[in-house]
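What follows is a single structure, written as structure tokens, with notes after it.
Computed over heavy atoms, backbone and side chain alike; hydrogens, waters and symmetry mates excluded. All chains are named by letter (A, B, ...) in the order of the sequence lines, taking the proteins before the strands, and each is independently numbered beginning at 1.
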2 protein chains.
Amino acid sequence: MRNLTLKQIRYFDALARLGTFSAAAEACAVTQPALSMQIKEMEEGAGSPLLERGPRGVRLTAFGTMVHQRAKAMLAILEDLDGLSRAAGGAPAGKLRLGVIPTIAPYLLPAVITRLAEEFPDLSPILRESMTSRLIDELLDSRIDAAILALPVDEPALTEVALFTERFVLIRPQQEADRPVPNRDKLREMRLLLLEEGHCFRTQALSFCDMPSTQPREMLDGSSLSTLVQMVGVGVGVTLIPEMAVEIETRSAAVSVSRFRDPQPLRSIGMVWRKSSPMEAHLMQIAEVVRACGLRLRQSRGLTTLPGWRRD
Amino acid sequence: MRNLTLKQIRYFDALARLGTFSAAAEACAVTQPALSMQIKEMEEGAGSPLLERGPRGVRLTAFGTMVHQRAKAMLAILEDLDGLSRAAGGAPAGKLRLGVIPTIAPYLLPAVITRLAEEFPDLSPILRESMTSRLIDELLDSRIDAAILALPVDEPALTEVALFTERFVLIRPQQEADRPVPNRDKLREMRLLLLEEGHCFRTQALSFCDMPSTQPREMLDGSSLSTLVQMVGVGVGVTLIPEMAVEIETRSAAVSVSRFRDPQPLRSIGMVWRKSSPMEAHLMQIAEVVRACGLRLRQSRGLTTLPGWRRD
DNA sequence: GATGTATATAAGATATTCTGATGCGAAACC
DNA sequence: GGTTTCGCATCAGAATATCTTATATACATC
């Protein structure tokens with residue numbers, strides 16, 4: 001059973017359904033000996049006979065029945081796969097209700113909607129900005145078609161596709177620019193400004209510093225990355241922001257931007273949708289556009305040398 | 001995607017897991033060009049790229065992620081299939097709790113337990129006789145491991161394996177032996193003795209005569225085939241019994257046995273067990289023994305000429 | 001016993017798939 | 001800044017697998 005081939009599975013299924021080698025061979029558009037040999041091969045591989053030969057055809061053994069169950073399951077997946085690739089050809093069109101988390105939306109969406117309009121003129125994206133937990137609810141509830149957020153999501157009913165990763169960078173007041181970059185332990189002793197409870201980015205930042213999110217904090221919470229950066233600018237403390245936000249948020253504030261030493265904190269951005277979504281084939285293509293935008297953003301920033309291609 | 005092969009699936013899975021062609025090729029014990037070509041083939045078949053090539057390895061496209069999901073599912077089935085055939089090698093041993101319906105048990109079981117003891121000396125069958133509905137409950141409840149009964153059962157949680165079919169024959173008083181065999185319409189006008197409510201055989205017999213089981217009947221109900229035949233013997237009416245029962249039940253009664261014209265009534269005997277049963281590999285082998293007994297019974301009866309091998 | 005149906009086997013022809021060598025490009029190294 | 005390393009693509013010949021045609025064998029039916 002180790003050298004099983006899909007051809008054998010197909011032959012076997014036809015045989016199980018039609019009941020004679022000859023009929024199955026005809027259905028598979030091969031000659032009867034060809035089919036016979038493949039079935040024989042299969043039985044040798046399995047170690048037990050799959051069917052009982054009689055003068056008027058064949059019938060499955062109990063073992064054959066079990067194998068046939070599996071064979072049908074595999075062919076069903078194959079069928080699905082076939083539909084998937086066929087549908088991947090057609091261009092997405094119609095309404096697309098897309099949810100995005102607040103720490104991504106303002107930076108990524110401009111590029112995304114531009115590119116989507118270029119590539120899929122018949123697509124009408126309807127955007128919605130919410131925090132992760134709410135997006136998931138809306139997804140499961142079919143109130144949106146897909147969401148762009150930080151992975152992992154870990155909902156069995158949802159498919160998640162990783163698109164790209166991005167680093168977190170440290171934002172300090174301009175006058176601290178020359179100080180060495182703190183490690184995670186040092187960071188814990190500094191006055192760290194974070195987003196309010198509920199933002200996944202807050203949790204991720206805290207976990208980088210090894211601080212439990214439940215721990216009582218005397219830090220200030222802001223409602224947007226923009227607020228946080230502005231507060232750093234006036235010397236209230238320091239903060240972390242995702243790299244994607246750097247260009248926009250630091251334009252109008254007297255702050256310095258520093259990258260951490262390895263291991264650098266990062267988050268994985270992905271797109272998720274219902275496993276059962278009929279738009280899956282379109283969503284894949286849309287995800288590809290979103291990824292391209294994300295990668296482009298990551299490169300077109302003059303923060304340091306180009307980050308280079310890496311698996312992450 | 002129409003000429004997909006399992007080899008390609010395996011290569012693709014390794015590639016998706018390991019991230020580079022070279023590593024995947026090594027894991028699959030082939031050279032890197034071999035793997036590259038198969039992946040290329042796959043992408044051509046699908047019409048869209050499965051992965052994005054970068055200088056330090058590859059990463060899945062959204063489409064690739066979807067395909068990989070399916071690939072993993074197929075490999076899981078394959079794994080399962082492998083376990084199935086491996087286990088099919090070992091001989092069944094230990095306790096086997098087997099349920100059988102009353103219209104089969106007395107005729108088939110003697111042969112079955114004998115043969116099981118011969119073929120699988122380490123197996124200890126524990127038998128239990130009940131009607132179909134009860135057997136199913138006990139199966140679902142894990143109080144028995146398998147059941148021999150008339151198909152179809154149609155419980156999604158159960159696997160059913162067809163073993164053989166057997167005809168129903170007409171039992172009439174000895175003195176009516178020379179009369180022509182009634183067809184189903186004529187039969188309806190005769191005094192037909194049947195088993196009590198709850199036996200699947202009763203339902204099957206009624207459905208052969210096109211009589212709804214709910215219809216009020218003035219016929220007599222017996223609690224066993226034996227009773228029915230004895231009553232026919234004293235001239236109370238006629239009855240149907242499964243062919244398997246003929247030899248034993250007609251030995252001590254003054255009755256005649258006749259087969260119907262086509263289409264002959266028949267029932268399909270099968271074995272069922274929980275889909276999740278860990279003994280599945282053993283149950284297959286046991287089912288095979290039961291089938292052999294059934295077929296042997298069907299042939300060793302001198303009722304008419306040998307029935308011949310037929311798909312039914 | 002002759003015939004029809006159905007599977008098994010054998011030998012040569014045909015495709016498919018693999019290997020080993022080579023080339024090219026991008027990153028990493030010194 | 002040149003050199004090395006890593007990783008994928010391509011190519012031609014070799015090795016396998018698979019198919020087809022022709023033939024043999026088994027069983028049941030007439």
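Summarising the geometry, the separation between CG on Leu51(B) and C1' on dC8(D) is reported as 11 Å, rounded to the nearest angstrom. Regarding Arg10(A), its CZ atom lies at a distance of 12 Å from the P atom of dC19(D), rounded to whole Å. Computed from coordinates, the Phe21(A) CZ to dA26(D) C1' distance equals 14 Å when rounded to whole Å. Rounded to a whole Å, the CD atom of Glu41(A) is 10 Å from the P atom of dC19(D). The separation between Leu6(A) atom CG and dT18(D) atom P is 12 Å, rounded to whole Å. Put simply, CD on Glu26(B) is 17 Å from C1' on dC18(C), counting in whole angstrom units. Look at CZ on Arg53(B): it is 17 Å from C1' on dC6(D), rounded to the nearest Å. The distance between atom CZ of Arg59(B) and atom P of dG7(D), rounded to the nearest whole Å, is 16 Å.
Pairs engaging residues 79-88 of chain B under the side-chain hydrogen bond (donor to acceptor under 3.5 Å, both in side chains) rule: Arg2(A)-Asp82(B), Arg70(A)-Asp80(B), Asp82(B)-Arg86(B) [sequence neighbours left out]. Among residue pairs with one or both ends in residues 21-30 of chain A, none qualify as salt bridge (Lys or Arg N to Asp or Glu O under 4.0 Å); sequence neighbours excluded.
Lys7(A) has a side-chain polar atom (N or O) that falls below the 4.0 Å cut-off from OP1 or OP2 of dC19(D). Contact between the side-chain N/O atoms of Ser22(A) and the OP1/OP2 oxygens of dT7(C) is found at a separation under 4.0 Å. Residue Tyr11(B) places at least one side-chain N or O under 4.0 Å from the OP1 or OP2 atom of dC18(C).
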Sort me out a list of protein N/O and nucleotides 13-15 of chain D N/O pairs below 3.5 Å, or just none if empty.
none

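For Arg267(A), the side-chain hydrogen bond (donor to acceptor under 3.5 Å, both in side chains) criterion is met by Thr103(A), Glu166(A), not counting sequence neighbours. Evaluation of the side-chain hydrogen bond (donor to acceptor under 3.5 Å, both in side chains) rule for Gln32(A) yields Ser36(A) as partners, not counting sequence neighbours. Under the ring pair (Phe, Tyr, Trp, His ring centres under 6.0 Å) criterion, Phe168(B) pairs with Phe201(B), sequence neighbours left out. Residues forming a side-chain hydrogen bond (donor to acceptor under 3.5 Å, both in side chains) with Glu160(A) (at least two apart in sequence, or on another chain): none. Scanning for ring pair (Phe, Tyr, Trp, His ring centres under 6.0 Å) contacts around Tyr107(A) gives an empty result, with sequence neighbours left out. Thr159(A) is linked by a side-chain hydrogen bond (donor to acceptor under 3.5 Å, both in side chains) to Gln69(B), counting only residues two or more places apart in sequence or in another chain. Take Phe12(A) and apply the ring pair (Phe, Tyr, Trp, His ring centres under 6.0 Å) test, not counting sequence neighbours, and it matches His68(A).
Inter-residue side-chain proximity for Val161(A) and Met284(A) is flagged as unmet; no heavy-atom pair is nearer than 4.5 Å. With contacts defined as side-chain heavy-atom distances shorter than 4.5 Å, the pair Ile9(A)/Leu4(A) qualifies.
Residues from residues 30-40 of chain A lying near DNA chain C, meaning a heavy-atom separation below 4.0 Å, are Gln32(A), Pro33(A), Ser36(A), Lys40(A) in numerical order.
Axis angle, first five pairs versus last five pairs of the helix from dG1(C)-dC30(D) to dC30(C)-dG1(D): 30°, rounded to 10°.
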